[in-house]
There are 2 protein chains.
Amino acid sequence: MKKPKNKEEIEISDYLNLLIAIGKMGGIRRPVFSTTSELGRTVGISQQSASRKLTKLENSNYIVRNYKQRGNTIKITPIGVAALEHVFTDLWMILSAEGREISEKIVIKGTVCTGMGEGAYYMSQKEYLNQFASLLEFEPYPGTLNLQLLEDSSLRNFERLLRSPSKFIKEFTKEGRRFGKVFVWPTYLLIGNRKISAALIHPDRTHHNNQIEIIAKEHIKTTYEIKDGDELELILQ
Amino acid sequence: MKKPKNKEEIEISDYLNLLIAIGKMGGIRRPVFSTTSELGRTVGISQQSASRKLTKLENSNYIVRNYKQRGNTIKITPIGVAALEHVFTDLWMILSAEGREISEKIVIKGTVCTGMGEGAYYMSQKEYLNQFASLLEFEPYPGTLNLQLLEDSSLRNFERLLRSPSKFIKEFTKEGRRFGKVFVWPTYLLIGNRKISAALIHPDRTHHNNQIEIIAKEHIKTTYEIKDGDELELILQ
DNA sequence: ATTACTATTCTACGAGTAT
DNA sequence: TATACTCGTAGAATAGTAA
């Protein structure tokens with residue numbers, strides 16, 4: 001029988017080592033098998049403490065686990081991943097800040113331009129659209145907004161973004177044609193003083209030029225009266 | 001092995017929030033001014049706790065600070081930055097892995113050299129030997145193999161290792177002489193295509209030079225016909 | 001083997017306060 | 001104001017052990 005989940009507030013840093021240890025086993029992508037003794041040994045605490053901490057992580061919905069005969073299968077939940085990503089972002093921000101100012105947010109700035117129409121073609125495939133919808137908080141408009149990156153800092157942030165954690169949609173084949181994997185980073189698009197939920201998408205983590213593609217719920221250009229050459233900012237979450 | 005000192009050990013995760021808060025103020029690049037009350041408020045602890053934690057961070061060389069009339073100027077030291085980077089790298093690794101096994105091998109490379117014979121002296125104490133045996137999968141030979149680290153990457157990995165979770169053997173007193181705490185990291189020693197279970201031992205998490213000490217089941221030099229100057233690799237688990 | 005309970009030890013927190 | 005001490009206490013960690 002499932003135990004009742006009493007929502008509990010925990011301080012992530014008290015559990016960071018344990019979560020990282022589980023993550024290193026692969027617990028972010030799939031359930032991994034371990035025991036409280038092994039985990040305790042790994043992070044330098046007792047079996048009992050590991051047990052207690054696992055219980056707390058479970059009650060706070062940071063992990064789910066199934067007890068097997070000799071141990072647990074443990075998987076970090078999206079909530080747990082989000083907590084880890086939050087720490088990651090903080091560290092990224094302060095470790096990569098150059099010069100004096102630490103900006104509260106990581107920003108990618110660019111000017112609106114017109115792409116080759118490929119974005120619209122791909123985004124018109126319902127397999128892509130459905131997957132994007134399941135990853136994001138919105139159903140994207142079947143087209144992309146292209147931004148040309150100008151400043152070095154934006155390019156660097158983009159490169160860094162490519163190496164940072166992301167969701168992605170799976171490749172699929174349709175009518176003999178292969179549609180590849182696409183990585184997705186949820187962001188906000190700053191338009192005037194409005195903050196629009198959006199996502200930066202990119203097919204490849206290892207290559208890029210200075211142009212990026214963005215999807216959002218609406219067709220940005222018409223909905224917000226944006227035209228080529230306008231400068232927009234993307235705020236990473 | 002150097003005579004172990006009674007130096008203050010801290011667990012980075014207990015101080016992560018505070019270090020991140022200081023980092024957000026810019027404390028990685030320059031000394032920043034703050035008070036214990038302000039820092040406490042920022043991370044949700046009391047002024048007293050912030051004060052105590054700052055003192056510990058200082059004693060562990062994670063920060064330096066100067067007391068002014070109404071607060072401190074605080075700067076995170078390279079050691080502190082390395083600790084933050086270590087957490088960052090861990091998170092980066094596990095959050096960016098795509099369905100694959102996490103298997104980034106961390107390697108420390110060095111050339112065999114002859115130590116001062118202290119290692120053999122310490123390792124000849126049965127209290128040490130017994131404790132090592134209980135922590136490791138083997139009963140160590142009562143002596144150490146010394147490696148001189150040459151490459152920057154090896155030194156960096158060693159520094160990182162020092163800040164990572166470890167087992168340790170407890171200090172003890174014998175015939176009026178104090179034998180200190182020693183930290184232990186199980187590793188593998190690569191000799192040709194053989195992978196020997198070994199352990200890196202070090203008396204101090206906060207200080208090091210470019211020489212490391214390794215223990216294994218056998219006397220490495222005679223068993224594997226190793227001589228001074230030979231280059232060996234240590235693979236961290 | 002495990003997990004995780006209870007009892008006990010111990011550490012870390014914050015209140016009060018000296019400087 | 002500051003920092004940082006002492007100290008009572010809450011809760012975290014571990015030992016012992018049941019299931």
Side-chain angles (χ1 to χ4, degrees), chain A residues 1-6 8-19 21-22 25 27 31-60 62-75, chain B residues 6-19 21-22 25 27 31-60 62-75 131 134-135 137 165-171 181:
Chain A
M1 182 168 59
K2 226 189 247 180
K3 285 177 198 164
K5 286 183 185 174
N6 304 317
E8 222 177 302
E9 283 290 318
I10 62 174
E11 173 58 52
I12 174 77
S13 59
D14 296 338
Y15 299 84
L16 195 65
N17 287 342
L18 198 53
L19 277 177
I22 297 167
M25 296 172 181
V32 288
F33 182 83
S34 190
T35 66
T36 53
S37 315
E38 186 190 15
L39 287 170
R41 215 179 311 120
T42 307
V43 302
I45 58 177
S46 66
Q47 173 270 321
Q48 293 89 335
S49 293
S51 170
R52 181 169 32 77
K53 287 195 168 190
L54 277 189
T55 305
K56 289 205 173 191
L57 281 172
E58 191 178 21
N59 291 342
S60 311
Y62 281 61
I63 61 166
V64 285
R65 59 177 171 159
N66 285 303
Y67 179 70
K68 306 272 174 175
Q69 298 306 347
R70 291 177 145 55
N72 297 286
T73 54
I74 308 168
K75 187 169 189 301
Chain B
N6 202 8
K7 189 67 194 172
E8 193 152 6
E9 312 298 336
I10 63 173
E11 172 60 52
I12 173 76
S13 59
D14 296 338
Y15 299 83
L16 195 65
N17 288 341
L18 197 54
L19 276 178
I22 297 167
M25 295 172 182
V32 289
F33 182 83
S34 190
T35 66
T36 53
S37 314
E38 186 191 15
L39 286 170
R41 217 178 309 118
T42 307
V43 300
I45 57 177
S46 67
Q47 172 270 320
Q48 292 90 334
S49 292
S51 170
R52 182 163 25 79
K53 288 195 168 191
L54 277 189
T55 305
K56 290 205 172 191
L57 282 171
E58 192 178 20
N59 291 342
S60 310
Y62 281 61
I63 62 167
V64 285
R65 59 178 172 159
N66 285 303
Y67 180 72
K68 306 271 174 178
Q69 296 308 347
R70 291 180 146 53
N72 296 285
T73 55
I74 307 168
K75 187 170 186 304
Q131 287 197 67
S134 72
L135 287 182
E137 313 267 296
S166 71
K167 304 170 181 178
F168 59 87
I169 59 159
K170 292 173 197 151
E171 61 173 26
K181 191 173 190 173

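In what follows, every chain begins at residue 1, and chains take the letters A, B, ... in the order their sequences are listed. Note that the coordinates shown come from a computational prediction; the quantities given were computed from them, not determined experimentally. Computation of the quantities below employed the complete heavy-atom set of this structure, encompassing side-chain atoms and omitting hydrogens, waters and symmetry-equivalent molecules.
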Chemist: For every nucleotide of nucleotides 8-13 of chain D, 5' to 3': is a protein heavy atom under 4.0 Å from its base (B), only from its sugar-phosphate (S), or from neither (-)?
Modeler: ----SB

Chemist: State which residues pass side-chain hydrogen bond (donor to acceptor under 3.5 Å, both in side chains) with B/Ser34; sequence neighbours excluded, sorted by chain then number.
Modeler: B/Glu38

Chemist: Tell me, please, which residues at least two apart from A/Gln47 pass side-chain hydrogen bond (donor to acceptor under 3.5 Å, both in side chains).
Modeler: A/Thr36

Chemist: Ignoring backbone atoms, test whether A/Asn72 places a side-chain nitrogen or oxygen under 4.0 Å from the OP1 or OP2 oxygen of C/dT2.
Modeler: no

Chemist: Could you tell me which residues satisfy side-chain hydrogen bond (donor to acceptor under 3.5 Å, both in side chains) with A/Arg41, sequence neighbours excluded, listed by chain and number?
Modeler: none

Chemist: Report all interatomic pairs (protein N or O, nucleotide N or O of nucleotides 16-19 of chain C) with separations under 3.5 Å.
Modeler:
residue : atom : partner : partner atom : Å
C/dG16  : O6   : B/Gln48 : NE2          : 3.3

Chemist: Using a heavy-atom cut-off of under 4.0 Å over every strand shown, decide if A/Thr35 touches base, sugar-phosphate, or nothing.
Modeler: sugar-phosphate

Chemist: Nearest to the side chain of A/Tyr67 - C/dA1, D/dT3, C/dT3?
Modeler: C/dT3

Chemist: Who pairs with B/Gln131 by side chain to side chain contact (heavy atoms under 4.5 Å, CB included), at least two apart in sequence or on another chain?
Modeler: B/Ile169, B/Lys170, B/Phe172

Chemist: When you get a sec, tell me which of C/dT2, D/dT3, C/dA4 is the closest nucleotide to the side chain of A/Arg65?
Modeler: C/dA4

Chemist: What pairs with B/Ser46 under side chain to side chain contact (heavy atoms under 4.5 Å, CB included), at least two apart in sequence or on another chain?
Modeler: B/Gln48, B/Ser49

Chemist: So how far off straight is the helix from C/dT2-D/dA19 to C/dT19-D/dA2, going by the axes through five pairs at either end, to 10°?
Modeler: 40°

